[in-house]
Q: 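Below you'll find the structure I mean.
In what follows, residues are counted from 1 in the order of the sequence shown.
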Amino acid sequence: MKKQIIAAILLSLCIACLSLSAAGCSDNSAELEAQIAELTERNEQLEEENEKLQGSNGDIQGRLEELRQQFEELSASNALTEEQLAELQKKFNVLYDIDRLSPTFSTIYLHVYIKPEYNDKTYTAEDFSPIEISDVFHSESDPVEYLIVLTQWDMEDFLFAVIKLLNFDFVDYLRLVTGPTGI
């Protein structure tokens, strides 16, 4: 673009020089006038092309900014999707353990881990409603860990409790109890 502007200036200077030399040489004045007209026309064409290129450049810059914004939005959306996928993976792991560990775990006890951002209070059985809980023990060594004791012992009530617990906003994950229940 700068080259075209410089070329147009040089062309104008050439036209001026040719005009001066044409004034001194009256023999070639018709030929020089034709060259001047040709150079003037070429200069006008270059100026028009330059204006078109500047307009195209502005359009491209605008489109580039739109694409940059779309990329930022997609990046933010992707981060959210990865976070959701991690949450689903935690839930799937608990459900997978139920099937994998199936007669070796207790259907009355569950270790519940609270998300750190929700750990500003001590949870009670009422906080886990509608799950029927007979007792809740808060870990002395881990402030986010609770041991809950269900009132029902059958697998159906246990699965209902697991699914409900996994859907509470404040529950980070669950761990099945396969050994002694001390917390």
Side-chain angles (χ1 to χ4, degrees), residues 1-5 49-183:
M1 198 177 317
K2 288 183 180 181
K3 289 180 181 180
Q4 290 176 349
I5 292 171
E49 286 179 28
N50 187 28
E51 288 176 16
K52 287 179 185 177
L53 289 173
Q54 286 177 348
S56 295
N57 187 25
D59 292 343
I60 290 171
Q61 290 295 332
R63 182 69 180 134
L64 179 63
E65 185 57 34
E66 287 176 18
L67 290 172
R68 194 173 289 134
Q69 287 175 351
Q70 286 177 352
F71 177 76
E72 289 173 6
E73 290 171 5
L74 288 172
S75 294
S77 175
N78 186 41
L80 179 61
T81 303
E82 288 174 358
E83 184 179 306
Q84 291 169 334
L85 181 61
E87 284 289 320
L88 287 173
Q89 185 62 45
K90 279 184 188 178
K91 293 176 182 182
F92 174 77
N93 289 342
V94 170
L95 296 173
Y96 175 73
D97 282 348
I98 290 173
D99 183 49
R100 185 174 58 89
L101 297 173
S102 203
T104 63
F105 68 88
S106 168
T107 59
I108 193 168
Y109 300 104
L110 272 169
H111 286 279
V112 177
Y113 294 86
I114 306 300
K115 292 178 181 175
E117 62 267 22
Y118 290 96
N119 198 24
D120 57 349
K121 70 177 226 166
T122 302
Y123 290 87
T124 64
E126 291 81 33
D127 295 315
F128 297 101
S129 180
I131 302 167
E132 295 181 25
I133 297 175
S134 65
D135 216 343
V136 175
F137 299 99
H138 189 215
S139 172
E140 293 177 13
S141 61
D142 189 352
V144 299
E145 181 182 2
Y146 290 82
L147 176 69
I148 62 170
V149 182
L150 302 173
T151 58
Q152 303 293 321
W153 291 284
D154 64 12
M155 183 59 84
E156 184 178 331
D157 288 325
F158 178 77
L159 289 174
F160 171 80
V162 166
I163 291 169
K164 282 293 187 189
L165 286 167
L166 289 173
N167 284 308
F168 283 130
D169 288 338
F170 60 89
V171 172
D172 193 16
Y173 64 97
L174 305 175
R175 189 168 47 93
L176 302 177
V177 177
T178 57
T181 59
I183 190 158

Q: Can you name the closest pair of heavy atoms from Ile114 and Asp172 and give their distance?
A: C-CB, 3.9 Å
Q: Side chain of Lys115, backbone of Asp169: donor and acceptor closer than 3.5 Å?
A: yes
Q: Would a 4.5 Å heavy-atom cut-off, applied to side chains only, mark Glu156 and Phe158 as touching?
A: no
Q: Of all heavy-atom pairs between Ser134 and Leu150, which one has the smallest distance, and what is that distance?
A: OG-O, 4.1 Å
Q: Strictly below 4.0 Å, N to O, side chains only: are Glu66 and Arg63 in salt-bridge contact?
A: yes
Q: How many angstroms lie between CG in Asp142 and NE2 in His111, if you round to the nearest 0.5 Å?
A: 10.5 Å
Q: Quick one: does any side-chain atom of Asn167 pair with a main-chain N or O of Lys164 as donor and acceptor, under 3.5 Å?
A: no
Q: Please give me the minimum heavy-atom distance between Asp127 and Thr122, naming the atom from each residue.
A: OD2-O, 4.1 Å
Q: Check whether any side-chain heavy atom of Ile148 sits under 4.5 Å from a side-chain heavy atom of Tyr123, and report yes or no.
A: no
Q: Once you measure the plane-to-plane angle for His138 and Tyr146, does it fall in the parallel (<30°), tilted (30-60°) or perpendicular (>60°) bin?
A: parallel
Q: Under 4.5 Å between any side-chain heavy atoms of Val149 and Ile108, yes or no?
A: yes
Q: Might you point out which heavy atoms bring Phe168 and Ile131 nearest each other, and give the distance in Å?
A: CE1-CD1, 3.9 Å
Q: For a 4.5 angstrom cut-off between non-hydrogen side-chain atoms, does Val177 reach Leu110?
A: no
Q: Are the side chains of Leu147 and Val136 in touch, meaning some heavy atoms are under 4.5 Å apart?
A: no
Q: Enter the distance from Asp135:CG to Tyr109:OH here, rounded to the nearest 0.5 Å.
A: 9.5 Å
Q: Measure from the ring center of Phe128 to the ring center of Phe170 and say whether it is less than 6.0 Å.
A: yes
Q: Within this structure, what is the CD-CG distance for the pair Glu132 and Asp157, rounded to the nearest 0.5 Å?
A: 7.0 Å
